[in-house]
2 protein chains.
Amino acid sequence: MKVTVDIVIFTIQSDELKVLLVKRGIPPFKGQFALPGGFVHEDESLDNAAMRELREETGVSDVYLEQLYSFGEPGRDPRERIVTVAYYALISADRSQLAAGTDTTEAAWSRMSKLPILAFDHRKILEYALERLRNKLEYTTVGFQLLPEKFSLTELQGVYEAILDKRLDKRNFRRKIELLKILKPTSEYRRGGQRPARLYRFAAARFEKLKDKGILFPF
Amino acid sequence: MKVTVDIVIFTIQSDELKVLLVKRGIPPFKGQFALPGGFVHEDESLDNAAMRELREETGVSDVYLEQLYSFGEPGRDPRERIVTVAYYALISADRSQLAAGTDTTEAAWSRMSKLPILAFDHRKILEYALERLRNKLEYTTVGFQLLPEKFSLTELQGVYEAILDKRLDKRNFRRKIELLKILKPTSEYRRGGQRPARLYRFAAARFEKLKDKGILFPF
DNA sequence: GCAAAAGTGTTATTCTTACACCCATGG
DNA sequence: CCATGGGTGTAAGAATAACACTTTTGC
């Protein structure tokens, strides 16, 4: 029985949640889009296999990566019995350039709201990943993983809105973030729009303390 | 690469959370306790493999069963590379008699508060399962899976207390359950203690409606 | 009649939600 | 000077948490 890892790689571009898909160059499902993935090597852990695939497709490492679920229906790959351990990863917008040429496959960011037909059972995997991401958003700080180191409050709210696919109230959002005390204001401002927006940094250390007390994200 | 399923089978006996362990008859870890499990057959799904193992160990089917996480460190089994897909199952007290003789291994319920040393990385799997169960308890109705069809409110509260390992306020607990409107009172009473306790039945259909509205368990 | 578990409400506090205007800058 | 997105507070309603006594039965 063979074991692969498939990775749902999310990012946010233009206020939209996107996922990385690769076009298959060989049968089965030749020409269709699929999630990036590959075989787990004999001497590497599942996590390491996922990290390797991620690096091969995008060139990035050191990003948020979490195991999702394992899929192993007989027949999910028409050639042979394959069990795949699915992962999802979050890449900040400023690092979501693709690693051109590191892989022979054609890869592209696809909008979650307008997905093509996917090979194998990858549609199911993707839906599961989105559900997990939405849940995690509500009681963890995964949202920050999709932003650069410094970001404005509007940008942070945009991440939440893109993932949850609904509008949030600006003042209530800011109050909740404020109460969590997990942001450190910088002295920098994002210019380029109209009024410049103050930039903040995620203060993870403070969040760890909150977790210990059982205080969590109330979105 | 070989794929196995391991199952964390929970039940509640004498107001305590217990887990099914089997004593290993062969090396490695001969004589130590381990989670029940076995190889995934070539033609069965992961879920079916888990259900089969569960039935072989306990004789029960048609119980709550959920995939937990996959573990695949090289070296987690000293003999060869094995990826295990862990599941957890919930069995109600009235069905937790062991299927004697259906399997050659020696199986026993062990208190979660007093676990023996476990083989392989099974301690880690068990801790992960307990964490998942505790989380699910707070926003799903898994708790009911550990009770017989009819149960008293005190028994239900006992399930929550055993799993969360903390005392809950009786009146607040009852009010919350009441508000959810997921229990149907029967005309039966549990006798044998002092004052007889009214028995209730879980009305799953009502819960589905709540889920649709996003209303969840507030424990 | 008394020990033991079942059952039952109120209040204070905290959290959530809805809602509208002024501010700083770029053009 | 005006268009654009940034920034700020309040009040009503809902949810949560703390808390003690009466009732029904078995022995």
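Atom set for the values below is all heavy atoms of this structure, side chains included, hydrogens, waters and symmetry mates excluded.
Note: B:Phe71 and B:Tyr128 have perpendicular aromatic rings, judged against thresholds of 30 and 60 degrees for the angle between ring planes. In this pair, B:Phe202 and B:Phe144 present their aromatic rings parallel. The plane angle is below 30°, not in the 30 to 60° band.
For D:dG5, the OP1/OP2 oxygens have no side-chain nitrogen or oxygen of A:Thr154 closer than 4.0 Å. Close to C:dA6, at under 4.0 Å from its OP1 or OP2, lies no side-chain N or O of B:Arg198.
A:Arg174 has its CZ atom 19 Å from the P atom of C:dT16, to the nearest Å. When the C1' atom of C:dA6 is taken as reference, atom CD of B:Gln157 falls 11 Å away, rounded to whole Å. The separation between B:Leu179 atom CG and C:dT8 atom P is 14 Å, rounded to whole Å. The NZ-P distance, from B:Lys176 to C:dT8, rounds to 18 Å in whole Å. A straight line from CZ of B:Phe173 to P of C:dT8 spans 14 Å, rounded to a whole angstrom. For the pair A:Tyr189 OH and C:dA24 P, the computed distance is 10 Å after rounding to whole Å. For A:Glu138 and C:dT16, the CD to C1' distance is 14 Å, given to the nearest whole Å. Put simply, CD on A:Glu178 is 12 Å from C1' on D:dG9, counting in whole angstrom units.
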Starting from the C-alpha separation in whole Å, work towards a yes-or-no answer on side chain to side chain donor-acceptor pair (under 3.5 Å) for B:Asp94 and B:Ser92. CA-CA 5 Å; B:Asp94 59 319; B:Ser92 60; 2.5 Å; yes

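With sequence neighbours excluded, no residue forms a side chain to side chain donor-acceptor pair (under 3.5 Å) with B:Glu73.
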For nucleotides 18-27 of chain D, give me one character per nucleotide, 5' to 3': B if any protein heavy atom sits under 4.0 Å from the base, S if the only such contacts are to the sugar-phosphate, - if neither. BBB--BBBS-

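Look at A:Arg134 and A:Glu138 and you find no salt bridge, because none of the NZ, NE, NH1 or NH2 atoms lies under 4.0 Å from a carboxylate O.
At a cut-off of 3.5 Å, with distance as the only test, no side-chain donor of A:Arg132 or A:Asn135 sits close to an acceptor on the other residue.
One N or O on the side chain of B:Glu161 and one on the backbone of B:Leu168 form a donor-acceptor pair closer than 3.5 Å. When atom types are taken as modelled, the side chain of A:Tyr69 and the backbone of A:Ala86 share no donor-acceptor pair closer than 3.5 angstrom.
A salt bridge (charged side-chain N to carboxylate O under 4.0 Å, His left out) with B:Glu188 is found for one member of B:Arg201, B:Lys150, B:Arg198 and no other, namely B:Lys150.
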Report, one pair per line, the protein and nucleotides 12-14 of chain C atoms (nitrogen or oxygen only) whose separation is under 3.5 Å.
none

